[in-house]
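Hydrogens, waters and symmetry mates play no part in the numbers below; they use all other heavy atoms, side chains included. As the structure is a computational prediction, the values presented were derived from the model and not from experiment.
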Amino acid sequence: MTPKIDHIEITVADLDRAEQFYDALLPLLGFDLKNKGRGEFPGYEHVEIDYGTADFSLGLVCPRPALREEAVCRRKPGALHHLAFRADSDAEVDRLYEQVRAIEGVTIVSPPGRYPEYTPDYYAFFFKDTEGIKLEIVHFERPAYY
């Protein structure tokens, strides 16, 4: 089997707010909003928004009402630490940075820069979505290291 992630679902505090943010972000990363879907499963207190592509889907899920006020803590066991999206070049990282920083509600954690502690050519920027979830756009020559 070739390692490949099929989908990731992220629980967010405010589904409507997160949907607005991801509707602005994901088309910059190659997602087509025509493929966005919504599912509601009342018996499970579950509403989901799915952004699908032929290769990968990202889902946003509402929290259970009893857990709605819990704060995001990326170091909590079971939590998503961060999610990184791969760019095709350093120039694409720079272009995406300019577009991402214009999205309402985004928090830039660090602007584009080199991170030699990861690999000598690791170039990335980090930001948080409206829910406090840390995201990254990165470029490096992965095949050279594996």
Side-chain angles (χ1 to χ4, degrees), residues 1-110 112 115 118-119 121-146:
M1 178 174 171
T2 301
K4 190 173 187 180
I5 294 174
D6 183 75
H7 64 277
I8 294 174
E9 294 181 351
I10 302 170
T11 300
V12 297
D14 185 325
L15 194 58
D16 293 331
R17 180 178 62 205
E19 180 180 16
Q20 289 178 8
F21 179 86
Y22 283 92
D23 278 1
L25 174 67
L26 293 180
L28 303 176
L29 305 178
F31 288 77
D32 187 337
L33 294 183
K34 291 187 301 189
N35 297 322
K36 181 174 105 172
R38 183 181 183 100
E40 298 193 24
F41 310 93
Y44 297 97
E45 301 177 314
H46 185 103
V47 179
E48 179 178 333
I49 297 168
D50 182 67
Y51 297 89
T53 74
D55 295 314
F56 171 75
S57 294
L58 178 67
L60 304 176
V61 179
C62 73
R64 290 198 179 271
L67 302 174
R68 183 172 306 281
E69 300 305 318
E70 280 199 17
V72 170
C73 177
R74 63 195 199 105
R75 297 294 302 270
K76 181 179 177 181
L80 175 69
H81 185 271
H82 76 281
L83 181 60
F85 293 93
R86 178 188 303 251
D88 292 329
S89 66
D90 290 0
E92 187 173 46
V93 170
D94 290 335
R95 179 182 59 78
L96 288 167
Y97 171 72
E98 293 303 326
Q99 293 174 314
V100 167
R101 71 186 208 153
I103 297 173
E104 184 176 340
V106 73
T107 301
I108 299 297
V109 175
S110 357
Y115 291 87
Y118 303 139
T119 65
D121 61 340
Y122 201 98
Y123 189 71
F125 74 93
F126 299 86
F127 59 105
K128 290 185 180 179
D129 71 2
T130 54
E131 308 306 297
I133 297 167
K134 190 173 182 182
L135 303 168
E136 172 185 0
I137 307 286
V138 60
H139 174 258
F140 72 106
E141 293 302 324
R142 178 176 284 279
Y145 300 97
Y146 299 98

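- Side-chain N/O atoms of Tyr115 and Asp121 include no donor and acceptor closer than 3.5 Å.
- Listed by chain and number, the residues in a ring-ring contact (aromatic ring centres under 6.0 Å, His included) with Phe127 are Phe125 (sequence neighbours excluded).
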For Tyr22 and Leu60, run side chain to side chain contact (heavy atoms under 4.5 Å, CB included): C-alpha distance rounded to whole Å, both residues' side-chain angles, the deciding distance at 0.1 Å, then the answer.
-> CA-CA 9 Å; Tyr22 283 92; Leu60 304 176; 3.8 Å; yes
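- Checked against side chain to side chain donor-acceptor pair (under 3.5 Å), Asp50 has no partners two or more places apart in sequence or in another chain.
- Atom-to-atom distance recorded for Arg86:CZ and Asp88:CG is 9.0 Å, nearest 0.5 angstrom.
- Within a 6.0 Å radius of NZ in Lys134, more than 12 heavy atoms belonging to other residues, nucleotides or ligands are found.
- Scanning both residues, Val72 and Gly132, for their nearest heavy atoms gives CG1-O, 3.9 Å.
- The OG atom of Ser57 sits 14.0 Å away from the NZ atom of Lys36 when rounded to the nearest 0.5 Å.
- Here the shortest heavy-atom pairing between Ala79 and Cys73 reads CB-O, 3.3 Å.
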Under 3.5 Å, sequence neighbours excluded: what are the donor-acceptor pairs made by side chains of residues 24-35?
from  : atom 1 : to    : atom 2 : distance (Å)
Asp32 : OD1    : Lys34 : N      : 2.9

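- Applying the salt bridge (Lys or Arg N to Asp or Glu O under 4.0 Å) criterion to Glu48, with sequence neighbours excluded, gives no partner residue.
- Once rounded to the nearest 0.5 Å, the distance linking CD1 of Ile8 with CG of Leu80 reads 7.0 Å.
- Side-chain contact between His139 and Glu92: absent, with no pair of heavy atoms (C-beta onward) separated by less than 4.5 Å.
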Between Asp129 and Leu135, is a side chain to side chain contact (heavy atoms under 4.5 Å, CB included) present by the stated rule, with each step listed?
-> CA-CA 7 Å; Asp129 71 2; Leu135 303 168; 4.1 Å; yes
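- What you find for Asp94 and Pro112 is that their closest heavy atoms are OD1-CB, 3.5 Å.
- Between Leu58 and Ile10, some side-chain heavy-atom pair lies under the 4.5 Å cut-off.
- Annotation: side chain of Ile103 is in contact with side chain of Phe21 (closest heavy-atom distance under 4.5 Å).
- Using a 4.5 Å heavy-atom threshold, the side chains of Leu15 and Ile49 count as touching.
- For Gln99, the side chain to side chain donor-acceptor pair (under 3.5 Å) partners at least two apart in sequence or on another chain are Arg95.
- Taking each heavy atom of Tyr51 and Asp23 in turn, the nearest pair found is OH-OD1, 2.7 Å.
- Listed by first then second residue, pairs satisfying salt bridge (Lys or Arg N to Asp or Glu O under 4.0 Å) with a partner in residues 2-15 read Lys4-Asp55, not counting sequence neighbours.
- Remark: Tyr44 pairs with no residue by the ring-ring contact (aromatic ring centres under 6.0 Å, His included) rule, at least two apart or across chains.
- Considering all non-hydrogen atoms of both residues, Val12 and Pro63 come closest at O-CD, 2.8 Å.
- When side chains are defined from C-beta on, Ile5 counts as touching Phe56, because their heavy atoms get closer than 4.5 Å.
- Under the rule for a ring-ring contact (aromatic ring centres under 6.0 Å, His included), Tyr123 has no partner lying at least two apart in sequence or in another chain.
- In terms of the side chain to side chain donor-acceptor pair (under 3.5 Å) criterion, Gln20 has no residue partners (sequence neighbours excluded).
- Considering only residues two or more places apart in sequence or on other chains, Tyr122 meets the ring-ring contact (aromatic ring centres under 6.0 Å, His included) condition with Tyr118, Phe140.
- You'll find the side chain of Lys128 reaches within 4.5 Å of the side chain of Val109, heavy atoms only.
- Counting only residues at least two apart or in different chains, salt bridge (Lys or Arg N to Asp or Glu O under 4.0 Å) contacts with residues 73-82 comprise Glu70-Lys76.
- Dense packing is recorded around CD of Glu98, with more than 12 heavy atoms of other residues, nucleotides or ligands lying under 6.0 Å away.
- Taking every heavy atom of both residues into account, Ala87 and Ile137 meet most closely at CB-CG2, 4.0 Å.
- Side-chain contact between His46 and Arg64: absent, with no pair of heavy atoms (C-beta onward) separated by less than 4.5 Å.
- Distance alone, capped at 3.5 Å, is enough to place a donor-acceptor pair between the Glu131 side chain and the Ala13 backbone.
- Applying the side chain to side chain donor-acceptor pair (under 3.5 Å) rule to His82 yields the partners Glu136; only residues at least two apart in sequence or on another chain are considered.
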